[in-house]
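The structure appears below as structure tokens.
These numbers come from the heavy atoms of this one structure, side chains and all, not from hydrogens, waters or symmetry mates.
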Amino acid sequence: MNRKYRISWLLWPAVLGILMAGILVCPAIAKTVTPHVRVTGHGRLEAKADGAEIYYSVEGRGATAEEARAACTKQATALERALSAMGMVRRTSAYTGYETPTSGYTTVYGFVLVTERPNEVDQIGKILVEGGASCVSEACYFLTDASTWEREALTLAIADAKARAAVCGAGDDCVAICDRGSTTQYSCGTKGAVVLIETTVTLVFADKPVN
């Protein structure tokens, strides 16, 4: 059985009132909606390193494993004394030693030398080589505290984002910071004692109201 539903004539005034209210309210809402503009800014700067790391290893050989370890320890101790005389700080690296019994025994110990005097890297390398280090890596430079430089890079990134927003026609009102990232790239070897800091930041600006 099909039924037809009809709105009673008594309800028509209420329905018309609701429809008219919607027509009046919608334009008002449209005028108050404020679009937003998302802009990403970049900040980049170079800082002079105030620290350096040098990886080196020492080697000891002997007819037995004990003799090889003893020779290696003796060589490492001699190098440590020479470095201590310069005020250097040595710390053991993540890798240890190994033994190869192919023709007698060979033991190798690896170390990391940390210094806060990166201008003396060449002199340190010379001491390591002359002291009998079997392998000496290039120096890797770093910042003992990169937070100050990262904040400066962030300031540059925010200024860049604001300049880009102005080109896009956005307003001056920054309503949110959606994302930010910072990277510190350390330099090694011939690149010099310079550290690169890069920061990106995405800002949300309120655009000019739509009339």
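Side chain of Gln75 to backbone of Gly131: a donor-acceptor contact under 3.5 angstrom is found. Between the side chain of Ser134 and the backbone N or O of Ser57, at least one donor-acceptor pair lies under 3.5 Å.
Trp149 has its side chain out of reach of Leu154: every pair of non-hydrogen atoms, C-beta onward, lies at least 4.5 Å apart. Tyr109 is listed as a side-chain neighbour of Thr73, based on a closest heavy-atom distance under 4.5 Å. A 4.5 Å side-chain heavy-atom check between Leu203 and Val201 finds at least one atom pair inside the cut-off. Side-chain contact between Val167 and Val39 is absent, with no heavy atoms from C-beta onward closer than 4.5 Å. At a threshold of 4.5 Å between non-hydrogen side-chain atoms, the residues Ile124 and Tyr56 do not count as touching. With a 4.5 Å cut-off on side-chain heavy atoms, Val108 and Val58 do not count as touching.
Considering every non-hydrogen atom in both Thr107 and Cys72, the closest pair reads O-SG, 3.4 Å. Closest of all the heavy-atom pairs between Val195 and Tyr141 is CG2-O, 4.1 Å. Across all non-hydrogen atoms, the minimal contact from Gly60 to Ala71 is CA-CB, 3.9 Å. Considering every non-hydrogen atom in both Glu46 and Leu196, the closest pair reads CG-CD1, 4.0 Å. The two residues Pro118 and Ala49 make their nearest non-hydrogen contact at CG-O, 3.6 Å. Scanning all heavy atoms of the two residues, the minimum distance from Tyr105 to Ala63 falls at CD1-O, 3.3 Å.
Each of Val121, Thr115, Val112, Leu113 was evaluated against Glu53; a single residue qualifies, Val112, per the side-chain contact (heavy atoms from CB on, under 4.5 Å) test.
In this structure, Gln123 CD and Leu128 CG are separated by 11.0 Å, a value rounded to the nearest 0.5 Å. Taking CD1 of Ile158 as the start and OG1 of Thr202 as the end, the distance is 11.5 Å to the nearest 0.5 Å. Atom-to-atom distance recorded for Glu120:CD and Ile127:CD1 is 8.5 Å, nearest 0.5 angstrom. Note that CZ of Arg44 is 11.5 Å distant from OG1 of Thr199, once rounded to the nearest 0.5 Å. Here the CD atom belonging to Glu198 is positioned 9.5 Å from the CG atom belonging to Leu45, to the nearest 0.5 angstrom.
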Check the pair His42 / Arg164 against side chain to side chain contact (heavy atoms under 4.5 Å, CB included), numbers first and verdict last. CA-CA 10 Å; His42 304 273; Arg164 293 171 184 266; 4.0 Å; yes
Full working for side chain to side chain contact (heavy atoms under 4.5 Å, CB included) between Phe142 and Val114: CA-CA 10 Å; Phe142 63 88; Val114 182; 4.1 Å; yes
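Using a 4.0 Å cut-off between charged side-chain N and carboxylate O, Asp122 and Lys126 make no salt bridge. We find that Glu59 and Arg61 are joined by a salt bridge, their nearest charged nitrogen and carboxylate oxygen being less than 4.0 Å apart.
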